[in-house]
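Order of the sequence lines sets the chain letters (A, B, ...), proteins ahead of strands, with each chain counted from 1.
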Amino acid sequence: MTKLAAMGPEEERALILKCQDGDPDAFGPLVQLYMRRAAAFALGWTGSADDALDVSQEAFVRAYRAIARMDPNRPFYPWFHAILRNCCRNYLRRAKVRGEVPLEDVAPRASDLPSPAELLEREDLRAAVWEAIRRLSEQDREILILREFQYLTYAEIASVLDIPKGTVMSRLHNARCRLRDRLAPMLGQRRDTGT
Amino acid sequence: MNAEFDERISGYLDGELDADERAAFERELETNDALRRALEEMRGMQEVTRSMRLARFSDEEWDRYWSITFNRMERHIGWILLSIGAGILFAAGFYDFVREMFITSTEPLWQKAAIGLVCLGGGILVVSVIRERYHRWRHDPYRKVRR
């Protein structure tokens, strides 16, 4: 599959209008443009790669079914995100928690490859961070995933969640405070050992 | 601590404050020990979260993504059409059956009543089995395990 360059609002609007006229092929470029973002968000929510693909694909199917009711003058992703969030919620309601940790280390430089002991410690840390994120409220987890793991700016988060930018800052700060509180024992230990 | 500056800690760390807000925050930092401590704690946590990322999917998975989604969209349309057609056929058949059996038929009343009871009982059994299977499927902890 060819990687798509960012799409302008006019191109996106044209595709949405084609979808509304019943052309499923016009939905392909929209899926290809947003599938990575959608699957990454679902991964942060479900914690399982297989389920993330499944849930995000289900969200696209539902979006296509509902696209006739969408306002083509509005951007696609914020509208789609609400559907994706609902699919993730439904998933959490019916699925059992799996023991997977969907986080990995940002690749270290070849010059400072970690020792096996450090690797084990990193694994524990990843598991602790994921467990802390998983136990946050949906609202906290959502905004943390968007910012910390999908690297969206505050303006982008505001657009996706349909809230003012100032609310993004306060909501994100409160979510981080709760995450910090949950991670406090581990962060304190790391400070004490200087790692 | 001043709640206004407290909430700006995240904005400061993320580079999301405008120049005036940033300058005011840095002025406050010079005199406010609690704010400085809170900033350092938050920075420490951010260093931890930034040292990790969400797992990546393989290129093969992205290559298949649209075709799987398209197939699901198509299948969904197929199911809708199938359900509508089956619903119409079932309703028409049921109407014909009721008309034949209870209106135009000359069979004795006890026979009509017996057939009606057999149909009703069968219907209840089918619905009950479907409902039980569905309930068991919903609560099966292994249903997502791939064989």
Measuring heavy-atom distances to chain A, does B:E61 have an atom under 4.5 Å in its side chain, in its backbone, in both, or in neither?
-> side chain
Would you say the side chains of B:S51 and A:R122 form a donor-acceptor pair under 3.5 Å?
-> yes
Quick one: what part of A:R62 sits under 4.5 Å from any heavy atom of chain B, side chain, backbone, both or neither?
-> neither
Does any heavy atom of chain B fall under 4.5 Å from the side chain of A:L179, the backbone, both, or neither of them?
-> both
Just wondering, do B:R56 and A:E104 contact through their side chains at under 4.5 Å, heavy atoms?
-> yes
Relative to chain A, which of B:Q46, B:E16, B:M73 shows the most heavy atom pairs under 4.5 Å?
-> B:E16
Kindly indicate whether the side chain of A:Y151, heavy atoms from C-beta on, has any atom under 4.5 Å from the side chain of B:R50.
-> no
Relative to chain A, which of B:D14, B:L13, B:I68 shows the most heavy atom pairs under 4.5 Å?
-> B:D14
Taking side chain as C-beta onward, heavy atoms only, is B:W66 less than 4.5 Å from A:F60?
-> no
Checking heavy atoms, do the side chain of A:L103, its backbone, both or neither come under 4.5 Å from chain B?
-> both
Which bit of A:Y154 comes within less than 4.5 Å of chain B, counting heavy atoms only: side chain, backbone, both or neither?
-> both
Heavy-atom check, side chain of A:E58 versus side chain of B:R72, under 4.5 Å = yes
